[in-house]
Amino acid sequence: MESLKGKKVFITGVTSGIGKSCVYALAKEGADLLISARRKNLVDEIANEIRSKYKINVYPFQLDVRNKKEVDDAVKSLPDEWKRIDILINNAGMGRGMNKLYEDNPDGWEEMIDTNIKGLLYVTNAIIHQMVERKEGHIINIGSIAGHEAYPRGAVYCASKHAVAAITKSLRADVMDKNIRISTIDPGLVQTGFSKVRFYGDEEKADAVYKGYTPLSPDDIADAVVYVATRPKHVNIAQMIVFPTAQASSTLVHKEI
Ligand code: NDP
Ligand code: 8X3
């Protein structure tokens, strides 16, 4: 097992769910963390808490991954001691709506494509050059089972996560001679803020997604992230699908209600 002590880990989307759990799990391992999301007040709160609890170095900043200039500027203006990033966790992502394509709101398509595909590309591009130069680094994408299966009422979300899967595979081939690991962790149902965002704030609809079975918790995925990040340098966990025990596919979930 490789230690994460003092490693610089850049994480997007840390104010909720999987990203937030990753912050705490990696802080516990002694990593130094560059943490970001759009809600800067929440990023700052988390930074203060983990600084005092885990005695690690933390660099909090505001970042909307959809904005290429903001992403490039944020990475370019990192203080020297934060410029060398060992691990990037592309976590920021979202779903909008669950409707038949012909009844869906195209505004949500833009948001999903801009965040899940273009945002991931912008952040990856801003950070990978220094990894290529140093011939060292690890990028862990948070994909989804929706990147393996296409389910009804999920065309654009599934398309965005299929894109993440394709980018992950191509990029792995692009940097296999550069000692850079590219991994994807692809969860099934995880109880986070995801469904509330997907259903535009409708808590009843969101809660129903997780009723009748035990969903994954974001800590379960953070645990997987720590596992993937701590393998010996010659070991790349290329892809990891993680389901709750009651889930067998995107559409097969055993619910007792
Ligand atoms: P949450 O809604 O709980 O968290 C999403 C995080 O992403 C928030 O911190 C949010 O912060 C951030 N975010 C959203 N849009 C942007 C943006 N444009 N720029 C920067 N940060 C952004 O959802 P999850 O934790 O569940 O989602 C995390 C990842 O996991 C996503 O990629 C999602 O697709 C994936 N996933 C989730 C599953 C689930 O069942 N929950 C299953 C499979 C994959 P802020 O609003 O402050 O910017
Ligand atoms: C989120 C999980 O299966 O609801 O990626 O799309 S799913």
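Order of listing sets the numbers, starting from 1, for every ligand and every atom in it.
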- Task: Would you tell me which option among Met98, Gln247, His148, Arg198 has the nearest heavy-atom contact to atom 4 (O) of ligand 2?
- Result: Arg198
- Please say whether Ser250 places an N or O atom under 3.5 Å from an N or O atom belonging to ligand 2. no
- Should we count OH of Tyr227 as having more than 12 external heavy atoms under 6.0 Å? no
- What do we get for Ile145 next to ligand 2 when only non-hydrogen atoms under 4.0 Å count, side chain, backbone, both or neither? side chain
- Query: Just wondering, are more than 12 heavy atoms of other shown residues or ligands nearer than 6.0 Å to CD in Glu81?
  - Reply: yes
- Have Tyr24 and Glu49 got a donor and an acceptor in their side chains that come within less than 3.5 Å? yes
- Item | Least distance between heavy atoms, Lys83 atom then Lys76 atom | NZ-O, 2.9 Å
Go ahead and list the nitrogen or oxygen contacts between ligand 1 and the protein that come in under 3.5 Å, distances to 0.1 Å, or just say none.
| residue | atom | partner | partner atom | Å |
| --- | --- | --- | --- | --- |
| ligand 1 | 2 (O) | Phe194 | N | 3.4 |
| ligand 1 | 3 (O) | Ser16 | OG | 2.6 |
| ligand 1 | 3 (O) | Gly193 | N | 3.0 |
| ligand 1 | 9 (O) | Gly13 | O | 3.1 |
| ligand 1 | 9 (O) | Thr15 | N | 3.1 |
| ligand 1 | 9 (O) | Thr15 | OG1 | 2.7 |
| ligand 1 | 9 (O) | Ser16 | N | 3.3 |
| ligand 1 | 11 (O) | Thr15 | OG1 | 2.8 |
| ligand 1 | 15 (N) | Arg38 | NH2 | 3.2 |
| ligand 1 | 18 (N) | Asp64 | OD1 | 2.9 |
| ligand 1 | 19 (N) | Val65 | N | 3.0 |
| ligand 1 | 25 (O) | Ile18 | N | 2.8 |
| ligand 1 | 26 (O) | Thr192 | OG1 | 2.6 |
| ligand 1 | 32 (O) | Asn91 | O | 2.8 |
| ligand 1 | 32 (O) | Lys161 | NZ | 3.0 |
| ligand 1 | 34 (O) | Tyr157 | OH | 2.7 |
| ligand 1 | 34 (O) | Lys161 | NZ | 3.1 |
| ligand 1 | 40 (O) | Gly188 | O | 3.3 |
| ligand 1 | 40 (O) | Val190 | N | 2.9 |
| ligand 1 | 40 (O) | Val190 | O | 3.3 |
| ligand 1 | 41 (N) | Val190 | O | 3.0 |
| ligand 1 | 41 (N) | Thr192 | OG1 | 3.1 |
| ligand 1 | 46 (O) | Arg38 | NH2 | 2.9 |
| ligand 1 | 46 (O) | Arg39 | NE | 3.3 |
| ligand 1 | 46 (O) | Arg39 | NH2 | 3.4 |
| ligand 1 | 47 (O) | Thr15 | OG1 | 2.8 |
| ligand 1 | 47 (O) | Arg39 | N | 3.1 |
| ligand 1 | 47 (O) | Arg39 | NE | 2.8 |
| ligand 1 | 48 (O) | Arg38 | N | 2.9 |
| ligand 1 | 48 (O) | Arg38 | NE | 2.7 |

- Could you tell me which atoms of ligand 2, counted from 1 in the order shown, lie closer than 4.0 angstrom to a heavy atom of Ser144? 1 (C), 2 (C), 5 (O)
- Query: Within a strict 4.5 Å, meaning less than it, do heavy atoms of the Val132 and Ile180 side chains meet?
  - Reply: yes
- Taking the inter-plane angle between the rings of Tyr59 and Trp82 on a 0 to 90° scale, is it parallel (under 30°), tilted (30 to 60°) or perpendicular (over 60°)? tilted
- Message: Do the side chains of Glu136 and Arg84 get close enough for a salt bridge, i.e. N-O under 4.0 angstrom?
- Response: yes
- Task: Please identify which atoms of ligand 2 are closer than 4.0 Å to at least one heavy atom of Phe194.
- Result: 1 (C)
- Message: For atom 6 (O) of ligand 2, what is the closest protein heavy atom, and at what distance to 0.1 Å?
- Response: Tyr151 OH, 2.4 Å
- Query: Of all the atoms in ligand 2, which lie at a distance below 4.0 Å from a heavy atom belonging to Tyr157?
  - Reply: 1 (C), 5 (O), 6 (O)
- Would you indicate whether Glu256, at its atom CD, is surrounded by more than 12 heavy atoms from other residues, nucleotides or ligands within a distance under 6.0 Å? no
- Side chain Arg134, main chain Ile85, donor-acceptor under 3.5 Å: yes
